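First the structure, in the form of structure tokens, and then the observations on it.
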2 protein chains.
Amino acid sequence: MGATKLSIHTREQIEMAQFAKVFAHPARVSILQYIASQDSCICGDIVDKVGLSQPTISQHLQVINAAGLLKGSFKGKTICYCLNVEKFRQMQELFNSYFNKTVASCCNI
Amino acid sequence: MGATKLSIHTREQIEMAQFAKVFAHPARVSILQYIASQDSCICGDIVDKVGLSQPTISQHLQVINAAGLLKGSFKGKTICYCLNVEKFRQMQELFNSYFNKTVASCCNI
DNA sequence: CTTTATCATCGTAATATTGCAATATCACTT
DNA sequence: AAGTGATATTGCAATATTACGATGATAAAG
């Protein structure tokens, strides 16, 4: 065993986990910060900025992209990585909604 | 090789990742929802509710606890797992702050 | 003091993640 | 067509995570 049991969880719980996984590594937190901080979505600079090798950055970008949080043109010499702001906002809503629901009632010891 | 490089990241990025890791597994999302939904912080029922073995639930609880999100009396027959609402709110603030900062400026393609 | 119920811990197997070197790909230039 | 620069893919080693059975610890009940 070692693989996550998905069948016992709800679609919402799995979705939360998938989004959270994006931020569950400091490199990806850093990458997203950098992408958003640049008006002109520079790409290869992420490698220099974050301090990991190019293949490793590429791998992290795939994880972020798989969650639908990236947007832009992915072909050509200079690839433009942009934030998918719409998706990002949706995710923010999901987190906030979950957080607010969770903080509902609790025994106060 | 396998372990996360921590030295190249900021304290904030690492903190974000640590909190996000809590929600990066559907079982922990489910556990937190359950704990918060019960006024009386019942404990062993989590095992029945979530559908994983008792040791596995215990392991997940440790991860949540390590992030400081749990509170209560941890001794005796009936252990009372409660949400650390204060810490939870702090975390929510951290996420919201990060999200809002990140959605700042981006090329619009 | 023994039993019982409730959790935690240990040990272990299966799988996933992280990171990099080497290599491939792909578009543009010359 | 060959070269160049930028990114993706592959393959591998090291480590982390997930899950569970077995066992240990502890408090309440008998």
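Side chains included, hydrogens not; waters and symmetry mates left out as well; all remaining heavy atoms used. Only a predicted model underlies this, so the values are computations on that prediction, with no experimental measurement involved.
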Open item on the list: Of the options D:dT18, C:dA22, C:dG19, whose atoms approach the side-chain atoms of B:Arg28 most closely?
Closed with: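 Nearest listed nucleotide: D:dT18.
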- [ ] Choose from D:dG21, C:dG19, D:dT7 the nucleotide whose nearest atom is closest to any side-chain atom of A:Tyr81.
- [x]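 From the listed options, D:dT7 comes nearest.
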In whole Å, what is the span from the [atom1] atom of [X] to the [atom2] atom of [N]?
X: A:Ile35; N: D:dT7; atom1: CD1; atom2: P; answer: 11 Å
X: A:Asn65; N: D:dT9; atom1: CG; atom2: C1'; answer: 15 Å
X: B:Gln54; N: C:dG11; atom1: CD; atom2: P; answer: 17 Å
X: B:Leu6; N: D:dA14; atom1: CG; atom2: P; answer: 19 Å
X: B:Asp48; N: C:dT6; atom1: CG; atom2: C1'; answer: 12 Å
X: A:Leu70; N: D:dA8; atom1: CG; atom2: C1'; answer: 15 Å
X: B:Ile46; N: C:dT6; atom1: CD1; atom2: C1'; answer: 12 Å
X: A:His25; N: D:dT15; atom1: NE2; atom2: C1'; answer: 11 Å

[N] OP1/OP2 closer than 4.0 Å to side-chain N/O of [X]:
X: A:Gln59; N: D:dT10; result: no
X: A:Thr4; N: D:dT18; result: no
X: A:Ser58; N: D:dT7; result: no
X: A:Lys21; N: C:dA16; result: no
X: B:His60; N: D:dT17; result: no
X: A:Gln62; N: D:dT9; result: yes
X: A:Ser53; N: C:dC20; result: yes

- [ ] List the atom of B:Leu61, the atom of B:Leu70, and the distance in Å for their closest heavy-atom pair.
- [x]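 Scanning both residues, the minimum pair turns out to be O-CD1, 3.8 Å.
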Task: CD/B:Gln90: more than 12 non-hydrogen atoms of other groups inside 6.0 Å - done: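 Correct, the count exceeds 12.
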- [ ] Describe, in one word, how the ring planes of B:His60 and B:His25 are oriented to each other, choosing from parallel (under 30°), tilted (30 to 60°) and perpendicular (over 60°).
- [x]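 Correct class here is tilted.
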- [ ] Quick one: label B:Leu52 by what it contacts on the DNA or RNA (base, sugar-phosphate, nothing), any heavy atom closer than 4.0 Å.
- [x]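 Sugar-phosphate, backbone atoms only, no base.
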Open item on the list: Would you say the rings of A:Phe99 and B:Phe23 are close, in the sense that their centroids are separated by under 6.0 Å?
Closed with: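 Aromatic pair counts; centres sit under 6.0 Å.
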Task: Distance (rounded to the nearest 0.5 Å) between A:Thr102 OG1 and B:Leu83 CG - done: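 Answer for the OG1-CG pair, A:Thr102 versus B:Leu83, is 7.5 Å.
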